[in-house]
Amino acid sequence: SYIAICGIRVALRQSAHVLCSGSRFPAYMKIDKLRNLRWGQPTKSEYYNLEVKEEDFVNLYEYLKAEKKNIFIFPDFTIFYALLNVPSPQPILWFHRGQTYPKAYDAKLDSWIVDDLIKNKVELVVLEEKYLFSQYLSLDDFPQLKTFIQKNFVKTHQIGIFNIFKKNMAIFKLF
């Protein structure tokens, strides 16, 4: 019928995701919940000279799992919430300007994000150095959030593109 014809047309127009263009998929993932998936080698951003390595993804997972702290991840790899069985600590699960939040700055949303990070006692923040899926997204889209992180967290680790910030214990009692 008409729906089937439309579905076939859409399927025929599909092409490989840019991230995986030219990638090989030699082995299954080392994370139990992802054991049926294979990591593309290489997995590269279409916007930056950037590769996200499976080893870095697995190492970040293991680090966050061992820490057992409330986390906030910005912007792309929010899959870690599901992998670690923790809810997103703020209202936006995935950050994509114009799709999951408005193109124009929204101070109320920015404030809501910060308020929820405080309410949910986030102790670890993972900021990606560059973003896999967007050349336009920036922490600058959320100036209150950026200031909150700068004032309350200190960078303690880096695993590949993932910068890890821990709550500054000197100001722990403030929130």
Side-chain angles (χ1 to χ4, degrees), residues 17-19 31 33-34 37 39 43-54 56-175:
H17 199 289
V18 175
L19 291 173
I31 297 172
K33 289 182 181 179
L34 300 176
L37 297 177
W39 189 269
T43 295
K44 291 188 173 187
S45 170
E46 65 182 292
Y47 305 109
Y48 303 103
N49 183 20
L50 166 75
E51 180 179 355
V52 180
K53 297 180 180 175
E54 178 184 12
D56 298 334
F57 184 90
V58 171
N59 287 341
L60 178 60
Y61 169 77
E62 294 296 336
Y63 175 83
L64 295 173
K65 185 175 163 188
E67 283 290 312
K68 297 181 182 174
K69 295 189 180 342
N70 292 340
I71 60 173
F72 169 62
I73 299 170
F74 184 87
D76 294 324
F77 283 88
T78 57
I79 188 174
F80 284 107
Y81 298 135
L83 293 174
L84 297 165
N85 287 327
V86 298
S88 173
Q90 47 76 44
I92 300 177
L93 179 57
W94 173 59
F95 291 85
H96 191 281
R97 187 186 303 150
Q99 289 186 15
T100 63
Y101 68 93
K103 285 184 181 183
Y105 176 66
D106 184 340
K108 288 181 182 178
L109 177 60
D110 196 2
S111 181
W112 184 7
I113 292 169
V114 172
D115 290 346
D116 275 8
L117 294 182
I118 294 168
K119 180 177 80 179
N120 291 306
K121 299 179 176 136
V122 167
E123 295 183 56
L124 286 175
V125 172
V126 178
L127 300 177
E128 295 158 35
E129 200 166 283
K130 293 199 174 159
Y131 314 132
L132 209 54
F133 302 112
S134 178
Q135 64 180 334
Y136 304 111
L137 175 62
S138 167
L139 196 54
D140 293 333
D141 287 357
F142 302 93
Q144 293 176 58
L145 174 60
K146 183 176 181 178
T147 299
F148 172 74
I149 293 170
Q150 288 172 338
K151 287 184 175 181
N152 297 291
F153 293 82
V154 292
K155 183 176 176 182
T156 58
H157 295 82
Q158 182 164 357
I159 301 173
I161 68 161
F162 305 105
N163 296 302
I164 302 167
F165 295 79
K166 282 190 176 182
K167 186 190 290 187
N168 185 343
M169 297 311 280
I171 58 172
F172 180 75
K173 293 179 183 177
L174 293 179
F175 68 96

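Residue numbers count from 1 along this sequence.
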* Under the salt bridge (Lys or Arg N to Asp or Glu O under 4.0 Å) test, residues paired with Asp106 that sit two or more places apart ->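 For Asp106 there are no salt bridge (Lys or Arg N to Asp or Glu O under 4.0 Å) partners, ignoring immediate neighbours.
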
* Backbone N/O of Trp94 and side chain of Thr78: donor-acceptor pair under 3.5 Å ->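 No, because the side chain of Thr78 does not come within donor-acceptor range (under 3.5 Å) of the backbone of Trp94.
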
* Quick one: does Lys33's side chain have a donor or acceptor within less than 3.5 Å of a partner on Leu83's backbone? ->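 Present.
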
* Cationic N near anionic O, under 4.0 Å, Asp116 to Lys119 ->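 Result for this pair is yes, salt bridge flagged.
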
Nearest heavy-atom pair of [X] and [Y]: which atoms, and what distance?
X: Ile71; Y: Tyr81; value: O-CE2, 3.7 Å
X: Trp39; Y: Val52; value: NE1-O, 3.2 Å
X: Leu117; Y: Pro89; value: CD2-CG, 3.7 Å
X: Gln90; Y: Phe95; value: OE1-CZ, 3.8 Å

* Are Phe77 and Phe162 close enough, and set up right, to give a ring pair (Phe, Tyr, Trp, His ring centres under 6.0 Å), and what steps lead you there? -> CA-CA 10 Å; Phe77 283 88; Phe162 305 105; 5.2 Å; yes

* Check the side chains of Lys121 and Asn70 for a donor-acceptor pair under 3.5 angstrom, ignoring hydrogens and angles. =>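 The criterion, which ignores hydrogens and geometry beyond distance, is not satisfied for Lys121 and Asn70.
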
* Any side-chain donor-acceptor pair under 3.5 Å between Asp141 and Tyr105? ->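 No donor-acceptor contact under 3.5 Å links the two side chains.
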
Would you check if [X] and [Y] make a side-chain contact, meaning some heavy-atom pair closer than 4.5 Å?
X: Asn152; Y: Lys167; value: no
X: Phe74; Y: Phe72; value: yes
X: Val125; Y: Asn163; value: no

* Asked: Would a line drawn from the ring center of Phe57 to the ring center of Phe80 be shorter than 6.0 Å?
  ->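 Centroid separation for Phe57 and Phe80: below 6.0 Å.
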
* Step through it carefully: locate the ring centre of Phe142, locate the ring centre of Phe148, and say whether they are under 6.0 Å apart. =>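 Aromatic pair excluded; centres sit 6.0 Å or further apart.
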
* Got more than 12 heavy atoms from elsewhere within 6.0 Å of NZ, Lys166? ->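 More than 12 within 6.0 Å, yes.
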
* To do: Nearest 0.5 Å please: distance from the NZ atom of Lys65 over to the CD1 atom of Ile31.
  =>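 Reported value, rounded in 0.5 Å steps: 9.0 Å.
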
* To do: For Lys68, enumerate each residue passing the side-chain contact (heavy atoms from CB on, under 4.5 Å) test, keeping only those at least two apart in sequence or located in another chain.
  =>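 Not a single residue meets the side-chain contact (heavy atoms from CB on, under 4.5 Å) criterion with Lys68.
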
